[in-house]
Amino acid sequence: MSKVAPTLEDVARVAGVSRATVSRVVNGTRNVDPELQETVRNAIEQTGYTPNRVARSLVTRRTGTVALVISGAGGGSDVFTDPFFGRVTAGVVDFLRSHSVHPVLMLADSDHARTEVVEFLRQGSADGALLVSTHPADPLPARLLEAGVPSVLYARPGRPMPVSYVDMDHRAGGRLAADHLVAAGRYNITAISGPMDVLASQDRHAGFRDAMARHGFPYVPTAEGGFTAESGAAAMHRLLVECPDLDAVFAANDLMAQAAVDVLHEHGLRVPEDVAVVGFDDSAPALACRPQLTTIRQPVERMAAQMADLLLADLEKPGQRPKSVIFEPELVLRASA
């Protein structure tokens with residue numbers, strides 16, 4: 001005789017809660033007490049209950065999945081080796097898991113790929129999109145908006161549009177780096193910027209230059225990088241030619257800062273005794289660097305989780321006005337400056 005499959009009522013009885021509470025947890029409803037969620041999940045595991053996702057989707061008109069779209073990053077290898085994208089993915093996955101929602105990773109590094117993303121979402125294959133767009137001219141945010149796809153962006157869009165996003169005050173981060181280097185007594189201060197067609201790079205560098213000007217430094221020798229280790233090393237070589245007596249470097253991300261430290265060591269310069277180095281992001285390279293990097297912390301995982309939270313809130317109550325959430329940077333002091 002076949003065993004009867006456990007029901008919501010069975011889970012509710014084991015958990016000591018109502019059937020409605022179990023249903024809310026199974027359906028990924030927000031604002032359920034975390035301890036209650038854990039109790040229900042333990043009961044689900046004990047009973048062996050398996051939600052009928054097909055039936056649930058017919059009722060809720062939701063798939064229980066969202067697309068995490070990386071647009072304009074230049075291909076899969078860049079995404080999987082860049083610590084920034086890894087941190088975004090970790091923050092999204094951890095948050096969605098606690099709400100029984102599953103992410104689908106989609107790379108949109110060409111016009112054809114972006115069209116596929118729009119069609120995938122327009123057909124209802126996922127409930128919405130979490131979009132990490134690396135260039136302000138990226139057409140994907142506007143295309144998703146036009147298609148009526150619920151979306152939230154990591155970083156403000158390149159042009160104003162009614163879409164929710166999370167971001168950080170990158171200008172404030174640049175100011176923190178400048179203030180620290182000047183307070184440390186550095187005088188010949190230089191910078192390695194990120195790609196200047198990226199809004200975050202523009203803001204970090206503008207904040208740094210503004211603060212330097214307020215401290216009486218009207219000009220900061222700068223070499224542009226591309227947020228990669230190779231570009232950071234090349235930029236550091238250029239700065240050493242232009243400013244052989246430099247005593248400080250602000251790099252717009254930790255990968256470039258770590259590469260800059262390596263180049264300085266190759267030239268027989270000590271960090272921080274001869275040259276102080278400050279990075280940006282507080283990512284894995286900051287701890288791998290020798291000496292470890294003083295850096296500006298961008299709370300990427302928290303920002304990614306907030307992005308997912310905004311999307312789930314929009315899915316639960318469609319038609320709300322778009323929201324922006326801006327995070328503050330933090331100076332993290334280590335050995336390099």
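Note that the coordinates shown come from a computational prediction; the quantities given were computed from them, not determined experimentally. Scope of the values below: all heavy atoms of this structure, side chains included, with no hydrogens, waters or symmetry mates.
Listed by first and then second residue, the ring pair (Phe, Tyr, Trp, His ring centres under 6.0 Å) pairs involving residues 235-274 are Phe208-Phe250, His237-His267 (not counting sequence neighbours). A side-chain hydrogen bond (donor to acceptor under 3.5 Å, both in side chains) check over residues 240-253, counting only residues at least two apart or in different chains, returns the pairs Tyr219-Glu242. The stretch residues 169-205 participates, sequence neighbours left out, in these ring pair (Phe, Tyr, Trp, His ring centres under 6.0 Å) pairs: Tyr187-Phe217.
Each of Thr295, Ile296, Val278 was checked for a side chain to side chain contact (heavy atoms under 4.5 Å, CB included) with Asp254, and the lone residue meeting it is Thr295. Each of Arg87, Arg297, Arg302 was scored for a salt bridge (Lys or Arg N to Asp or Glu O under 4.0 Å) with Asp282, with one residue passing: Arg297.
Between the side chain of Glu301 and the main chain of Ala90, no donor-acceptor pair closer than 3.5 Å is present. Between the side chain of Arg290 and the backbone N or O of Leu287 there is at least one donor-acceptor pair closer than 3.5 Å.
When hydrophobic clusters are built by joining Ile, Leu, Val, Met, Phe, Trp and Tyr residues whose side-chain heavy atoms come closer than 4.5 Å, directly or via intermediates, Val88 is not grouped with Val198. Under the 4.5 Å side-chain heavy-atom criterion for Ile, Leu, Val, Met, Phe, Trp and Tyr, Leu310 and Met168 are members of the same hydrophobic cluster. Side-chain heavy atoms closer than 4.5 Å link hydrophobic residues (I, L, V, M, F, W, Y) into clusters, and following such links, possibly through other members, connects Val325 to Met303. Side-chain heavy atoms closer than 4.5 Å link hydrophobic residues (I, L, V, M, F, W, Y) into clusters, and following such links, even through other members, never connects Leu144 to Val152. Put simply, Leu145 and Met106 are part of the same group of oily side chains (I, L, V, M, F, W, Y) that touch within less than 4.5 Å, one to the next.
Looking at residues two or more places apart in sequence or on another chain, you find a side chain to side chain contact (heavy atoms under 4.5 Å, CB included) between Thr39 and Ala15. Applying the ring-ring contact (aromatic ring centres under 6.0 Å, His included) rule to Phe280 yields no partners; only residues at least two apart in sequence or on another chain are considered. Remark: Pro34 engages no residue in a side chain to side chain contact (heavy atoms under 4.5 Å, CB included) (not counting sequence neighbours).
Here the OG-CD distance, from Ser98 to Gln37, works out to 6.0 Å after rounding to the nearest 0.5 Å. Interatomic distance, Cys243 SG to Arg238 CZ, rounded to the nearest 0.5 Å: 12.0 Å. Atom CG of Asp109 and atom CZ of Arg114 lie 7.5 Å apart (nearest 0.5 Å). Ser231 OG to Met256 CE: the interatomic distance, rounded to the nearest 0.5 Å, is 5.5 Å. Rounding to the nearest 0.5 Å places CG of Asp94 at 12.5 Å from NE2 of His99.
Smallest separation of non-hydrogen atoms from Pro195 and Glu224: CA-OE2, 3.4 Å. Annotation for Pro157 and Val163: closest pair CG-CG1, 4.1 Å, computed over non-hydrogen atoms. The two residues Pro150 and Asp314 make their nearest non-hydrogen contact at CB-OD2, 3.6 Å. Closest approach of Ser100 to Arg41, counting heavy atoms only: OG-NH2, 4.2 Å. Here the shortest heavy-atom pairing between Ala313 and Gln320 reads O-NE2, 3.1 Å.
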Start with the C-alpha distance between Asp203 and Arg156, add both sets of side-chain angles, then the distance that settles side chain to side chain contact (heavy atoms under 4.5 Å, CB included), and finish with yes or no. CA-CA 12 Å; Asp203 287 348; Arg156 75 182 191 272; 2.8 Å; yes
Apply the test side chain to side chain contact (heavy atoms under 4.5 Å, CB included) to residues Val300 and Tyr154: give CA-CA distance (whole Å), side-chain angles for both, the deciding distance (0.1 Å), then the verdict. CA-CA 10 Å; Val300 175; Tyr154 190 105; 3.7 Å; yes
Yes or no on side chain to side chain contact (heavy atoms under 4.5 Å, CB included) for Asp167 and Leu153, after CA distance, side-chain angles and deciding distance? CA-CA 9 Å; Asp167 207 341; Leu153 309 187; over 6 Å; no
Does the pair Ile189 and Val182 meet the rule for a side chain to side chain contact (heavy atoms under 4.5 Å, CB included), with working shown? CA-CA 8 Å; Ile189 300 172; Val182 172; 4.0 Å; yes
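For the pair Glu146 and Arg143, the salt-bridge criterion is not met [side-chain N within less than 4.0 Å of a carboxylate O].
No side-chain N or O of Asp10 forms a donor-acceptor pair with one of Thr47 less than 3.5 Å apart.
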